[in-house]
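Report on the following structure.
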Amino acid sequence: MAAISAHEPATVAKPLAGRVALITGASRGIGAAVARRLAAAGAYVAVNYSASEAAANEVVRAIVDGGTKAIAIRADVSSEADVKALVDQTIASFGRIDILVNNAGIFPTQPLTDLDSATLDNVLDINVRGPIFVTRQAVRHMGPGGRIINFSSLAAKGAANMAAYAGSKAFIEGLTRSLALEFGPRGITVNAVSPGATETDMFAPMLPMKEYVVSRTPLGRLGQADDIASVVAFLASAEAGWVTGQVIGVDGALSF
Ligand code: NAP
């Protein structure tokens, strides 16, 4: 077998070189892991956050130290004005958007009878309107080979005391399939990942149930942010060019 030249592994290891990724909610948790993972694959990354400025700057610093480019951009995805500025700033900095990851989300939990209107509005504004606002602005700049990756959840299949959150994620699955049809003729794929229990800040309210969740998970542990990020990296790659309109469970078979 011919020896691999020093040049070849670098090419193989940077499958997203020259690509620009916009990742919402990339200051913490899964979004931060996705930002680091796509940057490690060579992408330039716009790291969106809404409140955690220091954490977002830390993600950017780690990416830049790793030898690629990143910027942190504050924007509340539920504000159309913020979202327009987010996309404009990404274009001003990097000139294009190839990969959009609609990761930002919130996770309110309560019985339906305790669900107040402000909480319901908040979850619909951030988890439902947010991905629509960001996609509507970003897709204007995307061309053939573009990748949109949305975030559903195992909860979309139904989860007690999570009606608003579960409903918001079920919406994302319908949105994903619909946009795959709409943007397919433009050569843009649209998929969703559906994480199970993943150990981030968001999982904190579920920690009292950790042992039970692990006991129900055939792979015997909680998911980690990097478990999700590697699947997003695949969907963002050229290798996934024939995959669209899919919801990919990333949950250690907790969903079975
Ligand atoms: P997380 O640790 O709570 O992080 C949430 C991220 O979203 C933060 O970076 C936060 O940034 C950002 N964010 C929240 N509201 C925002 C807004 N209005 N505008 C812009 N950014 C906003 O959550 P995670 O666990 O990484 O979850 C990421 C995605 O995976 C979510 O869509 C979630 O629903 C989904 N998911 C998670 C799990 C799980 O078990 N963790 C399971 C299934 C699905 P700031 O701090 O700057 O506000």
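Indexing begins at 1, ligand by ligand and atom by atom, following the structure's order.
The list of ring pair (Phe, Tyr, Trp, His ring centres under 6.0 Å) pairs with a residue in residues 95-142, not counting sequence neighbours, reads Phe107-Tyr165.
Looking at ligand 1, you won't find any N or O of Phe203 less than 3.5 Å from one of its N or O atoms. Considering both main-chain and side-chain atoms, Ala197 never comes within under 3.5 Å of ligand 1 through any nitrogen or oxygen pair. An N or O contact shorter than 3.5 Å is missing between Leu154 and ligand 1 by distance.
Using a 4.0 Å cut-off between heavy atoms, Lys169 contacts ligand 1 through its side chain alone, with no backbone atom that close. Counting heavy atoms under 4.0 Å from ligand 1, residue Ala225 does not touch it at all. With a 4.0 Å cut-off on non-hydrogen atoms, Tyr165 touches ligand 1 through its side chain and not its backbone. Of the heavy atoms in Ile30, both backbone and side-chain atoms come closer than 4.0 Å to ligand 1.
Below 4.0 Å from some heavy atom of Asp76 lie the following atoms of ligand 1, by number and element: 17 (C), 18 (N), 19 (N). Taking every non-hydrogen atom of Ala51 and a distance limit under 4.0 Å, the qualifying atoms of ligand 1 come out as 45 (P), 47 (O), 48 (O). Numbered from 1 in the order shown, with element, the atoms of ligand 1 that lie under 4.0 Å from a heavy atom of Ser153 read 43 (C), 44 (C). Within ligand 1, counting atoms from 1 as listed, the ones closer than 4.0 Å to a heavy atom of Asn48 are 20 (C), 21 (N). For ligand 1, the atoms closer than 4.0 angstrom to any heavy atom of Asp201 are 2 (O).
Residues Arg74 and Tyr49 have side chains in contact (heavy-atom distance under 4.5 Å, counting atoms from C-beta outward). Side-chain contact between Asn127 and Ile172: absent, with no pair of heavy atoms (C-beta onward) separated by less than 4.5 Å. Looking at Leu222 and Lys210, their side chains come closer than 4.5 Å, going by heavy atoms from C-beta outward.
Between the choices Ala104, Ala35, Ala54, Pro195, the shortest heavy-atom distance to atom 13 (N) of ligand 1 belongs to Ala104. Across Gln224, Arg28, Arg74, Glu53, heavy-atom proximity to atom 4 (O) of ligand 1 is greatest for Arg28. For atom 9 (O) of ligand 1, the candidate residues are Ala32, Ser27, Ser152; the nearest heavy-atom contact is made by Ser27. Selection from Ala156, Gly29, Gly105, Ser78 by nearest heavy atom to atom 5 (C) of ligand 1 gives Gly105.
At a cut-off of 3.5 Å, with distance as the only test, no side-chain donor of Asp227 or Thr198 sits close to an acceptor on the other residue.
Ala75 counts as a contact of ligand 1, since one of its heavy atoms falls under 4.0 Å from the ligand.
For atom 30 (O) of ligand 1, the closest non-hydrogen atom of the protein is Phe151 CD2, 3.3 Å.
A donor-acceptor pair is defined here as one N or O able to donate and one able to accept, closer than 3.5 Å; no such pair exists between the side chain of Lys69 and the backbone of Val45.
Using a 4.0 Å cut-off between charged side-chain N and carboxylate O, Arg221 and Glu199 make no salt bridge.
Annotation for Gln224: atom CD counts as buried by contact number, over 12 foreign heavy atoms lying within 6.0 Å.
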